[in-house]
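In what follows, every heavy atom counts, from backbone to side chain, and hydrogens, waters and symmetry copies are set aside. Both ligands and their constituent atoms are indexed starting at 1 by order of listing.
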Amino acid sequence: MSFDTLGLSDKILSAISAAGFDKPTPIQEQAIPHALKGRDILGIAQTGTGKTAAFTLPMLNRLEKGRARARMPRTLILEPTRELAAQVEESFEVLGANHKLNVALLIGGVSFADQNKILDRGADVLIATPGRLLDHFERGKLLLTGVEILVVDEADRMLDMGFIPDVERICKLIPFTRQTLFFSATMPSEIQKLVDTFLHNPVSVEVAPPATAASTVEQKLVSAPRESSEKRAVLREVIRNEKTLTNAIVFCNRKRDVDIVNRSLRKHGFNAGCLHGDMDQRSRMATLDNFKNGEITLLVASDVAARGLDIPNVSHVLNFDVPIHAEDYIHRIGRTGRAGRSGTAIMLAGRADKKYVDAIEAMTGFNIPQLQSASEDKGKSHSETESGNSHKEHSNNRKRRGGGTSRAASKASSGQTAPSDAVRPSSTKAPAPKSEDTPKVSENTSNQKQKQKVVGLGDHMPAFLTRPVRPDSK
Ligand code: ADP
Ligand code: MG
């Protein structure tokens with residue numbers, strides 16, 4: 001199957017080949033012909049399957065006829081985050097290279113005045129986050145009555161971010177006769193309701209079951225204590241021992257942990273940066289660019305910040321926390337193994353995470369292999385006696401130490417077999433990770449004495465740190 005047969009114009013086809021796309025991905029192949037006929041589309045596909053071009057290409061075809069009028073965008077694309085919106089804009093630049101289109105981006109962190117200027121020129125394509133769009137609308141700078149095509153992208157993330165009421169409002173502001181292209185990796189019931197309300201007899205295109213993790217991603221589970229500083233030590237061990245790790249996204253559940261983990265990694269000599277929703281637009285873009293061009297090799301991120309980001313060639317996804325929502329696991333590990341490349345997803349999990357891991361496994365229908373022997377796991381059960389709130393890490397050492405098994409232990413001295421690669425911090429070149437003794441950004445230095453020997457993997461050197469893992473060793 002080639003792009004030629006889908007019904008796209010020659011201008012578009014030449015931009016596609018200039019972009020280096022040889023053949024359509026399954027979602028593109030199935031959605032584009034229907035979209036070109038004006039049908040509403042419900043596209044369900046995991047991340048990295050090429051959903052952006054699945055709506056960009058038919059939109060370009062439609063936009064070849066007609067002209068935009070001031071403040072009346074002809075098409076509207078809703079994206080949950082600023083980064084995703086910027087990525088879609090890039091996609092229009094590439095695939096719309098042969099079209100003279102006015103593409104406007106309405107995202108937070110950019111001045112209203114600048115955005116108004118672009119809107120005044122008349123936007124063929126308006127790409128916006130829901131809140132910012134409504135801001136402009138309420139200021140009277142925008143009329144939505146000329147919208148011919150509405151795209152709702154990453155709908156399930158909109159849901160997670162609480163944007164559904166905004167999306168609903170926007171849907172109601174746009175003429176009923178519009179064409180709607182709706183994309184989501186998963187279909188929770190709230191999304192289904194939205195689809196039932198706002199799509200007209202949609203063609204449903206589903207390229208993989210909603211909960212299927214990319215088959216090109218190797219998944220692993222690593223036992224980790226709940227206490228944060230020890231858990232961070234486990235993270236470092238994982239990074240040092242993953243020989244194929246060239247770059248990675250490290251996911252945390254909470255924004256504040258994104259900061260803590262990022263600072264801790266940097267403190268330990270790793271080349272890290274972070275991405276979370278509270279950062280201003282400029283620093284988010286700068287971080288992302290640095291990650292894309294390899295200046296940063298470890299990107300610590302929250303789900304919100306990383307949703308749907310197209311970052312090619314991520315070798316690893318490291319789940320510092322087990323996601324509370326099983327769907328997030330799919331999205332997270334979808335950051336690696338994209339476009340047919342192989343990738344590795346490693347998740348740190350303790351006993352308290354079991355129900356979430358179970359939920360993920362139930363959803364994906366796949367038992368994630370544990371890279372640790374059962375006996376080692378038993379030795380860790382005391383970690384569950386902690387109060388469990390990681391934000392108490394500054395004060396809960398007393399509790400932790402009273403938890404039974406001593407964590408002071410032989411060093412899981414990691415470093416010795418780690419390969420020399422770009423990701424590895426210079427500090428790991430020393431065989432013993434004495435860096436543990438140096439105070440960390442976020443740790444109470446008064447604990448340092450007690451913790452001198454604590455490396456984070458308990459009393460034993462986990463076997464996986466000393467030898468290559470065989471599939472039958474779980
Ligand atoms: P999704 O939105 O489904 O997560 P994207 O649209 O961001 O996925 O696409 C993921 C990656 O695949 C991007 O780097 C994109 O350029 C690339 N891509 C999309 N379509 C094709 C294609 N037909 N051939 C080759 N690469 C493609
Ligand atoms: Mg996408």
**For Lys23, atoms of ligand 1 separated by under 4.0 Å from a heavy atom** = 22 (C), 23 (N), 24 (N)

**Request:** Please indicate whether any nitrogen or oxygen in Gly50 is less than 3.5 Å from any nitrogen or oxygen in ligand 1.
**Result:** yes

**Asked** Hey, is ligand 1 close enough to Thr52 that some N/O pair sits below 3.5 Å?
**Response** yes

**Message:** Using the rule given for salt bridge (Lys or Arg N to Asp or Glu O under 4.0 Å), can you reason through Lys255 versus Asp259, listing the C-alpha separation, both sets of side-chain angles and the distance that settles it, and then say yes or no?
**Reply:** CA-CA 7 Å; Lys255 262 186 295 208; Asp259 259 337; over 6 Å; no

**Message:** For the 3.5 Å polar cut-off, considering only N or O atoms, please tell me whether Lys51 and ligand 1 meet it.
**Reply:** yes

**Request:** For residues Asp166 and Pro130, report the shortest heavy-atom separation together with the two atoms involved.
**Result:** CB-CB, 3.7 Å

**Interfacing atoms of ligand 1 (cut-off 4.0 Å, heavy-atom, Phe3)** = 23 (N)

**Asked** Under 4.0 Å from any heavy atom of Thr25, which atoms of ligand 1 are there?
**Response** 20 (N), 21 (C), 22 (C), 23 (N)

**Message:** Closer than 3.5 angstrom, by distance alone: can the side chain of Ser302 be matched with the main-chain N or O of His276 as a donor-acceptor pair?
**Reply:** no

**Message:** With a 4.5 Å cut-off on side-chain heavy atoms, are Phe251 and Asp328 touching?
**Reply:** no

**Request:** Measure from NZ or CZ of Arg240 to the centre of the six-membered ring of Phe270, then state whether that distance is under 6.0 Å and the direction lies within 45° of the axis.
**Result:** no

**Residue Thr49 vicinity, atoms of ligand 1 by number, heavy atom under 4.0 Å** = 1 (P), 3 (O), 8 (O)

**Asked** Does the N or O separation between Asp22 and ligand 1 drop below 3.5 Å for any pair?
**Response** no

**Message:** Using a 3.5 Å distance criterion without hydrogens, assess whether the side chain of Arg71 forms a donor-acceptor pair with backbone atoms of Gly140.
**Reply:** yes

**Asked** Side chains of His325 and Asp303: donor-acceptor distance under 3.5 Å anywhere?
**Response** no

**Asked** Quick one: does Glu154 get an N or O within less than 3.5 Å of an N or O on ligand 1?
**Response** no

